[in-house]
Amino acid sequence: MARPRDLARSFYKRDSRVVGPELLNKVLVHGRRRARLVEVEAYVGGIDPGSHAYRGQTPRNAVMFGPAGHLYVYFTYGMHWCANAVCGELGEGTAVLLRAGEPLAGLDEMHAARPGAKGIERDLCRGPARLCQALGIDGTLNGVDLVAPGGVRIVDDGVPPPVGPGASVRIGLSAGADLPWRWYVPDNRYVSR
DNA sequence: ACCGGGATGTTCT
DNA sequence: GAACATCCCGGTG
């Protein structure tokens, strides 16, 4: 089984389109709450018109251009938070959006944080903003080290990524809508839409 | 089941 | 002023 340290190396100096599918079946951890990642999307600096990093660094996306293995959290539609794992080299601006997860632990806290799910486990983490709401991830966690103990982490509990991940275009974009950089665990009921 | 629209405010043109 | 890496609710079939 890989240790957290090995996971940190896997983000570093590697493209989000490579790291993305490898993050499937890894576990997102915040306090007692844990969710297995079943759906992700890659965003790439410079070449990707769908990425926040496409037009260069701004105050909002600064974390994307920082060191790999950190959490980029952004606010959208006036009410939702979404979270990414930063990859690649310093200054590159490439990251993996965490789109959905299967709840594993701390379900009581997730339900309390997500009244909109109406007690339905399937709806706790199915969608990028739902996942953040369920895990208690918001702007105060923007930039945190994903491998340091105590905060938000992504850990490997020994379940390998799917050998043949599902793939599709990304969801909810206008620019870059044709790029097939979404991956998911096939036939998993916690994948969105 | 599917579809349409409202919420809500930050970011960038 | 428009767009936005979304979600929720209420309508209809």
Side-chain angles (χ1 to χ4, degrees), chain A residues 11 15-21 23-24 26 28 33 35 37-66 68 70-88 92-103 110-144 146 152 154 165-185 189-193:
Chain A
F11 290 116
D15 193 285
S16 58
R17 288 164 292 184
V18 177
V19 176
L23 284 181
L24 294 175
K26 299 294 186 295
L28 182 65
R33 289 175 265 189
L37 297 172
V38 298
E39 179 184 346
V40 300
E41 286 175 355
Y43 289 85
V44 182
I47 65 167
D48 176 8
S51 171
H52 291 169
Y54 184 55
R55 290 172 181 81
Q57 187 171 333
T58 67
R60 173 173 75 155
N61 65 21
V63 169
M64 269 187 102
F65 291 86
H70 288 240
L71 193 69
Y72 167 47
V73 183
Y74 68 90
F75 188 62
T76 192
Y77 289 103
M79 65 191 92
H80 298 303
W81 298 100
C82 297
N84 298 250
V86 176
C87 304
E92 187 177 353
T94 188
V96 176
L97 173 67
L98 311 177
R99 277 200 60 91
E102 171 177 349
M110 293 186 188
H111 278 116
R114 289 213 69 235
K118 296 186 170 62
I120 300 171
E121 180 188 330
R122 188 184 186 201
D123 290 336
L124 283 176
C125 305
R126 191 168 53 123
R130 292 168 168 180
L131 179 65
C132 283
Q133 200 179 5
L135 275 280
I137 294 171
D138 63 19
T140 65
L141 295 168
N142 187 32
V144 302
L146 280 171
V152 176
I154 297 176
S168 82
V169 296
R170 297 172 295 181
I171 294 178
L173 304 192
S174 50
D178 52 328
L179 299 169
W181 294 343
R182 167 177 176 258
W183 298 275
Y184 54 92
V185 177
R189 65 188 250 98
Y190 298 95
V191 172
S192 76
R193 59 187 217 168

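The model shown is predicted, which means the values in this text are computed figures rather than measured ones. So you know, we letter chains A, B, ... as the sequences are listed, proteins then strands, and number each from 1.
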Handout entry: Lys/Arg-Asp/Glu bridge criterion (N-O < 4.0 Å) met for A:Arg170, A:Asp48
Key =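 Here A:Arg170 pairs with A:Asp48 in a salt bridge, since their nearest N and O are under 4.0 Å apart.
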Handout entry: Pairing of A:Arg99 and A:Glu41 as salt bridge, 4.0 angstrom limit
Key =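 Yes, this pair counts.
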Whole angstrom is fine here: how far is it from [atom1] in [X] over to [atom2] in [N]?
X        : N     : atom1 : atom2 : answer
A:Leu124 : C:dC7 : CG    : P     : 13 Å
A:Leu97  : C:dT6 : CG    : C1'   : 11 Å
A:Asp138 : C:dT6 : CG    : P     : 18 Å
A:His52  : C:dC4 : NE2   : C1'   : 8 Å
A:Ile137 : C:dT6 : CD1   : C1'   : 16 Å

Handout entry: Nearest-angstrom distance, P atom, C:dA2 to B:dG6
Key =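 Comparing P positions in C:dA2 and B:dG6 gives a spacing of 16 Å.
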Practice task
Measure across A:Gly66 and A:Val86 and return the closest heavy-atom pair with its distance rounded to 0.1 Å.
Solution key: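 Of all heavy-atom pairs spanning A:Gly66 and A:Val86, the closest is O-CG1, 3.9 Å.
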Exercise for the section: Please determine, by modelled atom types, if A:Glu121 and A:Tyr190 share a side-chain donor-acceptor pair under 3.5 angstrom. Expected result: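 Yes.
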Practice task
Answer yes if the side chains of A:Arg182 and A:Ser168 hold a donor-acceptor pair under 3.5 Å, and no otherwise.
Solution key: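 Short answer, yes.
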Exercise for the section: Step through it carefully: locate the ring centre of A:His52, locate the ring centre of A:Tyr74, and say whether they are under 6.0 Å apart. Expected result: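 Between A:Tyr74 and A:His52, which both carry aromatic rings, the centre distance is below 6.0 Å.
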Handout entry: Outermost DNA chain B nucleotides near chain A [under 4.0 Å, heavy atoms]
Key =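 Terminal contacting nucleotides, 5' to 3': B:dA7 to B:dT13.
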Practice task
Scan A:Arg60 against the nucleic acid and name what it touches under 4.0 Å (heavy atoms): base, sugar-phosphate only, or nothing.
Solution key: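 Here A:Arg60 touches the backbone only, sparing every base.
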Problem - A:Tyr74 ring over C:dA5 six-membered base ring, under 5.5 Å and 30° - result: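 Ring-base stacking flag not set for A:Tyr74 and C:dA5.
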Exercise for the section: Answer yes or no: does a side-chain N or O of A:Arg99 lie under 4.0 Å from OP1 or OP2 of C:dT6? Expected result: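 Yes, because at least one side-chain N or O of A:Arg99 sits under 4.0 Å from OP1 or OP2 of C:dT6.
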Exercise for the section: Answer yes or no on whether A:Arg60 is positioned over the face of A:Tyr72, meaning its NZ or CZ is under 6.0 Å from the six-membered ring centre and within 45° of the axis. Expected result: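 That pair does not qualify as a cation-pi contact.
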Practice task
Treat primed atoms plus P, OP1 and OP2 as sugar-phosphate and everything else as base, then score nucleotides 8-13 of chain C 5' to 3': B for base contact with protein heavy atoms under 4.0 Å, S for sugar-phosphate contact only, - for none.
Solution key: SS----
